[in-house]
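A quick write-up on the structure given underneath.
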2 protein chains.
Amino acid sequence: MIKKSSPVPIYFQIEQRIREKIEKKELNPGEMIPSEREFAEKFQISRMTVRQAINNLVNEGYLQRVRGKGTFVTVKKFEKNTQRLTSFSEDMRSRGLEPGTEVLSFCSIEADSLIASQLMIDKGAEVYQIERLRLADQQPIAFEVFYMSQNLVPGLTREVAEHSIFKYVEEMGLHIVSGVQELEATTAHKREASALGIKVGAPVLYIQQISYLEDQQPLEFVKSYYRADRYKYKVEMIRT
Amino acid sequence: MIKKSSPVPIYFQIEQRIREKIEKKELNPGEMIPSEREFAEKFQISRMTVRQAINNLVNEGYLQRVRGKGTFVTVKKFEKNTQRLTSFSEDMRSRGLEPGTEVLSFCSIEADSLIASQLMIDKGAEVYQIERLRLADQQPIAFEVFYMSQNLVPGLTREVAEHSIFKYVEEMGLHIVSGVQELEATTAHKREASALGIKVGAPVLYIQQISYLEDQQPLEFVKSYYRADRYKYKVEMIRT
DNA sequence: AAGTGGTCTAGACCACCTC
DNA sequence: AGGTGGTCTAGACCACTTA
């Protein structure tokens, strides 16, 4: 039930309770939840405490208040208040495709001024340069060039690059918290065309990504070229 | 100051006051705002009312609370919830460019099955079909084809289309709350090429957008073709 | 009229931080 | 010790919706 003398705040216990019911579909979209006064009475707590729990759920997009009527489970929970940063593998799996990776080259180079500025490291510092071909259900979908400071993440191997670098980094205890992507349309040059199996001049979606750690330090700088015929980029937005 | 007997809630008045000070740089990023108790004392209101104002600003990303220390103006305001649904005009202005619009055609047509399904209306229903050339600092940047149900928004004119349809719709009392964009790379066909002043086959960023009203009803369906050499799409993301 | 959420009060004790 | 935010109470009146 609800523990009043718990170190866990009462409002949070209520919040969890309701959130669970929604996620387990015990409360369905569009359905009304008990009124604030009912909750207060039932758990013998103040209505303001109930309001705090409900407020949080409203902010998270689980609930909607309607004055005079009641509080309802949101029909379309747009959890995409913010776009989630995902790895290629996560992206493919969410599309129902089996991700695959082919490492085309794995080198250690000295950062030129572009890479240095993007990664906020010294020019000439050692960085990994990894070229990978990304597959979806065994079909080439993207060609990517990846840069990361060796100083920040030592011990990266070709082996790791064949699977998920994201996962490796997170297992090292580094927390990726945010990222910025820039998308442009372009046409394939020789290198991308041959890797992706398309014609030179074919349309390609170019995505440049920088991911950041907790302390705002750049972790990786990636240039990706996606086959336009096989990849669509979807963004859900809200208007504030 | 603060009007207690105003129809505008006290918490909202306080909220506005603080928001303004931040936007006018009277309060700088990282700076501490007065404590909740100080506000309560100063305006002779309850601390809980002050908290409500501050809570809202925290949720909007203006402020950060630090227990035991105080409440501070956020350093990087839009690092968190970024992806906002914006009109073309808003987008251009945020890039420091002067938006412009040229209406190439303004018709009323019957919805075909694609348009009908995107707008969730009956096939054959009357819709506006508006082709516009979008300018940034007088230079063509995008060619767009716009569809909207006439039943939902009657009275749209060529005049309005030359300015902001978004604005018109919002002034009608319809609230746009969310949108979905799909981005693809493609190459220009004749129609887009001639409108945009580029060669057939030049890279183009194709963006398809559907915007939704409060009740999840689709408001508009827009196909846009952006000149790849003049437009980059930026997405900021967080990892949860 | 009865029920709902919206706003507001005037306190209280707690945990945390700084001096 | 004194200040800060975090949590919580037990009421109150308001505006709105539904019956």
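Since we're looking at a predicted model, the values are computed, not measured. In what follows, chains are A, B, ... by sequence order, proteins preceding strands, each numbered from 1.
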Problem set entry | B/P9 side-chain proximity, nearest of D/dT7, C/dT7, D/dG5 | C/dT7
Exercise. Could you state the CZ-C1' distance from A/F43 to D/dT9, rounded to the nearest angstrom?
Worked result: 17 Å
Exercise. What is the ring orientation for B/Y225 with B/Y206, classed by angle as parallel under 30°, tilted 30 to 60°, or perpendicular over 60°?
Worked result: tilted
Problem set entry | Protein proximity profile, nucleotides 11-19 of chain C - base contact B, sugar-phosphate-only contact S, no contact -, cut-off 4.0 Å on heavy atoms | -B--SBSS-
Problem set entry | salt_bridge(A/K234, B/E184) N-O dist < 4.0 Å | no
For this session: Look at B/T71 and D/dG5 and indicate whether a side-chain polar atom (N or O) is within less than 4.0 Å of OP1 or OP2.
Result: yes
Exercise. For residues 50-57 of chain B, which residues have at least one heavy atom under 4.0 Å from DNA chain C?
Worked result: B/Q52
For this session: May I ask you to evaluate whether A/T49 reaches the phosphate of D/dT7, defined as a side-chain N or O under 4.0 Å from OP1 or OP2?
Result: no
Exercise. Can you check the B/M32 CE to D/dT4 P distance for me, whole Å?
Worked result: 6 Å
Seminar exercise, completed: Whole-Å distance, B/I14 CD1 to C/dT7 C1', equals 13 Å
Exercise. When the distance from CZ of B/F12 to P of C/dC8 is rounded to whole Å, what number comes out?
Worked result: 12 Å
For this session: Answer yes or no: does atom CG of A/N151 have more than 12 heavy-atom neighbours from other residues, nucleotides or ligands under 6.0 Å?
Result: no
Exercise. Distance under 6.0 Å and angle within 45° of the ring axis: does B/R132 meet both against B/F146?
Worked result: yes
For this session: Determine the contact category for B/E38: base if any of its heavy atoms lies under 4.0 Å from a base atom, sugar-phosphate if only primed atoms, P, OP1 or OP2 are that close, otherwise nothing.
Result: sugar-phosphate
For this session: Whole angstrom is fine here: how far is it from CD1 in A/I10 over to C1' in D/dT7?
Result: 8 Å
Exercise. Which residues pass the side chain to side chain contact (heavy atoms under 4.5 Å, CB included) test with A/Q16, sequence neighbours left out?
Worked result: A/F12, A/R19
For this session: Take the protein atom CD of B/E15 and the nucleotide atom P of C/dC8, then report the distance between them rounded to whole Å.
Result: 11 Å
For this session: Quick one: list whatever passes side chain to side chain contact (heavy atoms under 4.5 Å, CB included) with A/S35, sequence neighbours left out.
Result: A/R37, A/E38
For this session: Describe, in one word, how the ring planes of B/F88 and B/Y226 are oriented to each other, choosing from parallel (under 30°), tilted (30 to 60°) and perpendicular (over 60°).
Result: tilted
For this session: Could you check how far OH of B/Y11 sits from P of C/dT9, rounded to whole Å?
Result: 13 Å
For this session: Round to a whole Å and report the spacing from CD of B/E36 to P of C/dT9.
Result: 14 Å
Problem set entry | Listed partners of A/S164 passing side chain to side chain contact (heavy atoms under 4.5 Å, CB included), at least two apart | A/F166, A/K167
Can you give the donor-acceptor pairs under 3.5 Å from side chains of residues 116-125 of chain B to other protein atoms, not counting sequence neighbours?
| from | atom 1 | to | atom 2 | distance (Å) |
| --- | --- | --- | --- | --- |
| B/S117 | OG | B/S113 | O | 3.4 |
| B/S117 | OG | B/L114 | O | 2.9 |

